[in-house]
Amino acid sequence: MHMSNQKTGLSRRSFLKGVGLAGGAVGAGMLLNGCASGESDAGEAAPWWAPESWDIETDVIVVGTGDAGSPAAIRAVDAGAEVIMIDKGEFFGGCSVLGGGNCQLACTNIQKRFDIEDKPEWAFEDQMEFGLYRSNPEVLQAWIDTSDEYATWVEDVCDGEWVDVSKQEPARVPRSHQIAEHNGQPKGSGVVFSMLFHEQLEARGVQILLEHKMTKIYREPGGPVLGLEVETPDGTIAMKARKGVVIATGGFKGNPRMIRAQHAAFDETLIWTGWPDVLPTGDGHLCVTDIGGGC
């Protein structure tokens, strides 16, 4: 889900275009609008809903360095924003770098290259079935509508090459797009996507702060998001986002209470993607709900 800030020129749809869905599961990122308000005049005490001072300031903060956060950061920079990325993990890429790398896309020009016929209604029905009919219809439709644009963006902007499209049940046609091998890493692996994205972020000079865990979202009551409270190895800091915050923290399969709330059939035996290296505990979701947002 995205809450767009019109001042940034980065719309809800433009950010969804930058997000690929890997491994067949629909993941959601959230763009929280920010602004420069909330500053105290000289001599005035800081309001209770903001920190006393900001340690770091930038236009856009992206939380999470995986296959949602990285494209969002690249697109934000290309739209003219100054961006800082943070991740609670010790390495870039989060759970995405450990994944199989099967990027689920529908109705793309890549499928046409391999003489695969696909239809939007097929993709919607198949993915709904795969998600036990719990997928958000709006997000699912956005995935279908922007899949081809994302596939093209990966090739044109990130220098990736799609080399295969395989079938994953219950899809009625092949939709698992596989990326070519890169720097010795095998085709279709999650690490290839992370390497391609990292190269683009590095070329754009995006600052990436690892072992930086978001613990609170600062929001003016009834108003915009201002920034984040972040735990670091050297203590807690406050980071200000002048234009917005993108929450791209992945899923919550490492949080039994949250997965049971999602569906009664889920329990703690569900495979925890990334465990024990990265634990998807729903931190981003919880921070968003703490300020009145919905996931």
Side-chain angles (χ1 to χ4, degrees), residues 1-6 8-33 60 62 64 66-76 78-79 96 99 101-158 160-162 164-179 193 196-197 200 244 246-248 250-251 293-295:
M1 181 172 63
H2 295 251
M3 297 164 61
S4 62
N5 178 0
Q6 298 303 318
T8 68
L10 305 175
S11 68
R12 171 192 185 103
R13 182 159 292 274
S14 70
F15 264 89
L16 282 171
K17 289 177 183 177
V19 179
L21 304 180
V26 175
M30 175 178 284
L31 172 62
L32 304 175
N33 64 313
V60 175
V62 177
D67 290 351
S70 292
I74 295 169
R75 291 182 63 84
D78 289 351
S96 297
N102 289 315
C103 190
Q104 303 299 314
L105 301 170
C107 305
T108 68
N109 66 87
I110 313 302
Q111 288 171 296
K112 292 178 181 178
R113 292 181 198 172
F114 291 93
D115 297 322
I116 299 169
E117 181 186 6
D118 200 1
K119 295 182 180 180
E121 58 268 27
W122 292 353
F124 189 92
E125 292 168 1
D126 292 351
Q127 198 68 20
M128 268 293 183
E129 180 183 353
F130 188 64
L132 304 180
Y133 301 94
R134 301 287 290 183
S135 296
N136 181 302
E138 183 184 12
V139 173
L140 187 53
Q141 190 62 52
W143 162 66
I144 295 168
D145 294 342
T146 60
S147 279
D148 185 56
E149 293 176 71
Y150 174 74
T152 301
W153 178 84
V154 168
E155 290 193 323
D156 292 350
V157 177
C158 298
E161 179 188 1
W162 303 107
D164 193 14
V165 184
S166 59
K167 186 176 180 181
Q168 186 175 17
E169 300 297 339
R172 69 192 76 185
V173 301
R175 296 195 186 99
S176 295
H177 290 55
Q178 307 233 329
I179 204 76
F193 284 99
L196 292 172
F197 293 149
Q200 295 302 318
V246 179
I247 307 297
C295 300

Heavy-atom closest pair, residues Ser135 and Met128
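Heavy-atom minimum between the residues: O-CE, 3.4 Å.
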To the nearest 0.5 Å, what is the distance between CD1 (Ile116) and NE2 (His177)?
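With rounding to 0.5 Å, CD1 (Ile116) is 7.0 Å from NE2 (His177).
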Which of these, Pro71, Ser70, Cys158, sits in a side-chain contact (heavy atoms from CB on, under 4.5 Å) with Gln200?
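The side-chain contact (heavy atoms from CB on, under 4.5 Å) with Gln200 is passed solely by Cys158 among Pro71, Ser70, Cys158.
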Lys112: which residues meet the side-chain contact (heavy atoms from CB on, under 4.5 Å) condition with it, sequence neighbours left out?
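Lys112: no side-chain contact (heavy atoms from CB on, under 4.5 Å) contacts found.
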Under 3.5 Å, is there a donor-acceptor pair linking the side chains of Ser166 and Asn102?
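Looking only at side-chain atoms, Asn102 and Ser166 do not form any donor-acceptor pair under 3.5 Å.
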Could you walk me through whether Arg75 and Glu149 pass the salt bridge (charged side-chain N to carboxylate O under 4.0 Å, His left out) test, one step at a time?
CA-CA 13 Å; Arg75 291 182 63 84; Glu149 293 176 71; over 6 Å; no
Out of curiosity, Asp148 CG to Trp153 CH2, how far, rounded to the nearest 0.5 Å?
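One gets 14.5 Å once the value is rounded to the nearest 0.5 Å.
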Would you give the length of the straight line joining atom NZ of Lys119 to atom CG of Asp126, rounded to the nearest 0.5 angstrom?
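Taking NZ in Lys119 and CG in Asp126, the distance rounds to 12.5 Å.
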Compare every heavy atom of Glu155 with every heavy atom of Glu161, then report the nearest pair and how far apart it is.
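Where Glu161 meets Glu155 most closely, the heavy atoms are CA-OE2, 4.0 Å.
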Counting N and O atoms only, with roles assigned by atom type, does the side chain of Gln111 sit under 3.5 Å from a partner on the main chain of Pro174, one being a donor and the other an acceptor?
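Side chain of Gln111 to backbone of Pro174: a pair is present.
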Passing candidate, salt bridge (Lys or Arg N to Asp or Glu O under 4.0 Å) with Arg172, options Glu117, Glu125, Glu129:
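Single salt bridge (Lys or Arg N to Asp or Glu O under 4.0 Å) partner of Arg172 among Glu117, Glu125, Glu129: Glu125.
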Gap between atom CZ of Phe193 and atom SG of Cys103 - 0.5 Å precision
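Separation between the atoms: 4.5 Å.
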Can you find a pair of side-chain heavy atoms, one from Ile144 and one from Gln141, that are under 4.5 Å apart?
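In short, these two side chains touch, coming nearer than 4.5 Å.
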Which is it for Lys167 and Ser176 under the side-chain contact (heavy atoms from CB on, under 4.5 Å) test, yes or no, and what are the steps along the way?
CA-CA 6 Å; Lys167 186 176 180 181; Ser176 295; over 6 Å; no
Nearest-0.5 Å distance that lies between atom CD1 in Ile110 and atom CG in Asp164
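Going from CD1 on Ile110 over to CG on Asp164, the span is 11.5 Å.
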Within the 4.5 Å heavy-atom criterion, are Thr108 and Val165 side-chain neighbours or not?
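Not in contact.
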Hey, does the side chain of Ser147 reach the backbone of Ala106 with a donor-acceptor pair shorter than 3.5 angstrom?
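It does hold such a pair.
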Which residues satisfy the side-chain contact (heavy atoms from CB on, under 4.5 Å) test with Cys107, sequence neighbours excluded?
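side-chain contact (heavy atoms from CB on, under 4.5 Å) check on Cys107 returns Asp118, Pro120.
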Please report the interatomic distance CG(Asp67) to CZ(Phe197), rounded to the nearest 0.5 Å.
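Going from the CG atom of Asp67 to the CZ atom of Phe197 covers 5.5 Å.
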Backbone of Val154 reached by a side-chain donor or acceptor of Trp162 within 3.5 Å
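It does not hold such a pair.
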Looking at every non-hydrogen atom in both residues, tell me the closest pair between Gly69 and Val62 and how far apart they are.
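Reported closest heavy-atom pair: O-CG1, 3.5 Å.
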